[in-house]
Amino acid sequence: MAGEAGAPGSILLQDAIVDANEALPGGHYLLRLTAPGIAARARPGQFVHLRCGPDLPMRRPLSILRATVHSGQIELLYKAVGVGTRQLATRQRGEAISVLGPIGRPFRPDPTRPRVLAIGGGVGMPPMLFLAQTLRSPNPVPWQPLLLLGSEVAFPFQPRPSAMLVDGMPQGIIAALPLAEDWGIPSRLASGQGFPGCYEGHVTELADAYLATLGADVLAQTQIAACGPTPMLRAAAAVAARYRLPAQLCLEEHMACGVGGCAGCVVELATADGPAMARVCVDGPVFDAAAVYPDLYTAGT
């Protein structure tokens, strides 16, 4: 089906096959599915809407962590916290899962600002990794992504000391995401739990500390992308506004239909014509930060 990325006409319904459903630290799981049509269309910031079990008619939205076109696979990182995700954690290799996707408008980085500061918090980490991976793929734009990830529980991966120097990082902040390091993508981690090598505090505070060291010429090449819980997104927007940086936010909302029909996930946006309501599922989930939090930008904070 043709159509704009993430629009209802471009969404596929597939019976995806479970290739792996691996338990990770912090109650996280990595679900790998064979879903060739979805993998071929997926873009960073989009999500899938899947049935966690045969007796659960309501689907759950999960952000796409990675899509591999040649193998037809997508990967989803989730945390088993409710009835649906706890049942999803029991699904075994070879089982079929009904999946709708990819859904939503993806990130749209500005090619005139090749330095992309990707900030992810909690289960908001997957879109940031997908975005960074995509930017590091063969591309006419010389993108320079930097991943900053935060968690208040155990990270779903074993951090390791970074072998990649990042100018402007606070001294001693060396914990990194191994997969990103393997891809040649610099990353740093933040947590309030005292994990070794991590920034002690919120990931947005780490972003602020890093940006404060950059000169005007570097800031002019920088933009922010962020995904995570609402307080973190507002804090990321506040950091972007403080340094006068463009920012895009991938919002998290409870969803029913996931394809724009029920209007159960609407948010208010600031537009040139005044306040307007938008559906996070298909009008987003990625929005400009200034539209989501106009007060931060008009206040000049």
Side-chain angles (χ1 to χ4, degrees), residues 1-22 24 28-53 59-79 84-85 88-89 91-109 116 118 120 123-140 143 145 147 156-157 177 179-180 182-185 225 227 250 252 255 257-260 281-282 284-286:
M1 289 183 285
E4 184 179 357
S10 70
I11 298 170
L12 301 179
L13 174 61
Q14 291 194 300
D15 283 331
I17 304 302
V18 177
D19 294 310
N21 196 13
E22 180 184 358
L24 302 175
H28 297 92
Y29 287 80
L30 179 65
L31 176 63
R32 185 179 299 113
L33 301 171
T34 293
I38 295 174
R41 296 172 181 234
R43 300 294 182 269
Q46 293 183 308
F47 66 96
V48 294
H49 214 212
L50 52 77
R51 291 191 65 179
C52 295
R59 296 174 181 267
R60 269 57 169 183
L62 294 178
S63 297
I64 299 170
L65 168 67
R66 183 161 53 160
T68 308
V69 175
H70 73 268
S71 66
Q73 293 177 321
I74 60 172
E75 294 181 12
L76 312 171
L77 179 70
Y78 67 97
K79 194 172 181 182
T85 48
L88 183 62
R91 305 302 293 272
Q92 301 294 313
R93 179 180 173 86
E95 292 186 38
I97 296 179
S98 177
V99 182
L100 278 169
I103 305 174
R105 296 178 185 271
F107 285 101
R108 304 168 299 282
V116 180
V123 291
M125 291 188 278
M128 299 296 93
L129 186 60
F130 192 9
L131 175 62
Q133 176 206 12
T134 301
L135 296 181
R136 291 292 290 186
S137 297
N139 200 300
W143 298 108
L147 274 170
F157 48 83
L177 168 64
L179 183 59
D182 293 342
W183 289 342
I185 299 169
C227 184
C250 186
E252 297 180 346
M255 296 179 185
C257 75
V259 292
C281 59
V282 292
V286 178

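Values reported hereafter were calculated over all heavy atoms of this structure, with side chains retained and with hydrogens, waters and symmetry mates removed.
Across Q133 and W183, no two heavy atoms sit closer than the pair CB-CZ3, 3.4 Å. Closest heavy-atom contact between L177 and L147: CD2-CD1, 4.3 Å. Residues M125 and P156 come closest through the heavy atom pair CE-CD, 3.7 Å. Shown here for A39 and V69, the closest heavy-atom pair between the two residues is O-CG2, 3.8 Å. Closest approach of L77 and P126 over heavy atoms only: CB-CG, 3.7 Å. Residues P109 and L135 approach most closely at CG-CD2, 4.1 Å, considering heavy atoms.
For the pair C281 and V259, the minimum side-chain heavy-atom distance is 4.5 Å or more. Side-chain contact between L65 and L30: present, with at least one pair of heavy atoms (C-beta onward) separated by less than 4.5 Å. Within the 4.5 Å cutoff, the side chain of P145 has no heavy atoms near those of the L131 side chain. Using a 4.5 Å heavy-atom cutoff, the side chains of L24 and Y78 are not in contact. Annotation: side chain of I38 is in contact with side chain of Q14 (closest heavy-atom distance under 4.5 Å). In this structure, the side chains of D19 and L33 stay at 4.5 Å or more apart for every pair of heavy atoms. The shortest side-chain heavy-atom distance between I97 and D15 does not fall under the 4.5 Å cut-off. A heavy-atom distance below 4.5 Å is not found between the side chains of E252 and P285.
Remark: F47 engages no residue in a ring pair (Phe, Tyr, Trp, His ring centres under 6.0 Å) (not counting sequence neighbours). Residues meeting the salt bridge (Lys or Arg N to Asp or Glu O under 4.0 Å) test with E75, sequence neighbours left out: R32, R66.
With Y29 contributing its side chain and L76 its backbone, the two residues share no donor-acceptor pair below 3.5 Å. Although no hydrogens or angles enter the test, the distance criterion places no donor-acceptor pair under 3.5 Å between the side chain of R91 and the main chain of L31. For the pair Q46 (side chain) and P106 (backbone), a donor-acceptor distance under 3.5 Å is absent. One N or O on the side chain of R59 and one on the backbone of H49 form a donor-acceptor pair closer than 3.5 Å.
Just one of I103, I11, L100, I74 meets the side-chain contact (heavy atoms from CB on, under 4.5 Å) condition when paired with V48; it is I74.
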(request) Check the pair S98 / L50 against side chain to side chain contact (heavy atoms under 4.5 Å, CB included), numbers first and verdict last. (result) CA-CA 6 Å; S98 177; L50 52 77; over 6 Å; no
(request) Under the side chain to side chain contact (heavy atoms under 4.5 Å, CB included) rule, what do L88 and L62 come out as? Steps first, then yes or no, please. (result) CA-CA 11 Å; L88 183 62; L62 294 178; 3.8 Å; yes
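Separation of atoms SG (C227) and CZ (F107) is listed at 6.0 Å; rounding is to 0.5 Å.
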